[in-house]
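Worksheet: one structure, shown below.
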Amino acid sequence: MPAAPQPGRRRRTRLYALTDGRTAASRHGLTMDTVITATADAGHGHGGLPTEWQEILTMCPPPSGRAVAEIAARMRMRLTPMVVLLGELLERGLIRHRPPLDASETSNVHLLMKIRDNLARL
């Protein structure tokens, strides 16, 4: 007998269905520390998108956004499928990405402490 669904948990789409069986990362060069931000119009008229895509758009509001690794961790998804999903959202114009911070920005102790604190909350 199959296990009953847990209360409060919805059924998730299988990864191979979300990625159409693709395993290659997008051509956009997204890395684990790339910052993803939903576009201003991402929330309009996209009710037909898979639930996971809607979650990504919700958790990456402008202007701050989130790093690819943090999005994957919050969604309990491996990094490669997450990069494939984000590549699809990027191609549809639903998200923007910012390259990782350069060395001068990452040496900021306050920024590193903020990152540490946010990761500890996960």
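- Leu30 CG to Met82 CE: the interatomic distance, rounded to the nearest 0.5 Å, is 11.0 Å.
- Side-chain contact check for Leu86 versus Val83: every heavy-atom pair is 4.5 Å or farther apart.
- Partners of Arg96 according to the side chain to side chain contact (heavy atoms under 4.5 Å, CB included) rule, which considers only residues two or more places apart in sequence or in another chain, are Thr39.
- Between Asn118 and Arg66 the shortest side-chain heavy-atom distance does not fall below 4.5 Å.
- His97 pairs with exactly one of Thr37, Thr34, Val68, Thr31 by the side-chain contact (heavy atoms from CB on, under 4.5 Å) rule, that one being Thr34.
- Under the side chain to side chain donor-acceptor pair (under 3.5 Å) criterion, Arg116 pairs with no residue at all, not counting sequence neighbours.
- The side-chain heavy atoms of Leu90 and Ile36, taken from C-beta on, include no pair separated by under 4.5 Å.
- Looking at heavy atoms from C-beta onward, Cys60 lies in side-chain contact with Ile71 at the 4.5 angstrom threshold.
- The number of heavy-atom neighbours closer than 6.0 Å to CE of Met59, taken from other residues, nucleotides and ligands shown, is above 12.
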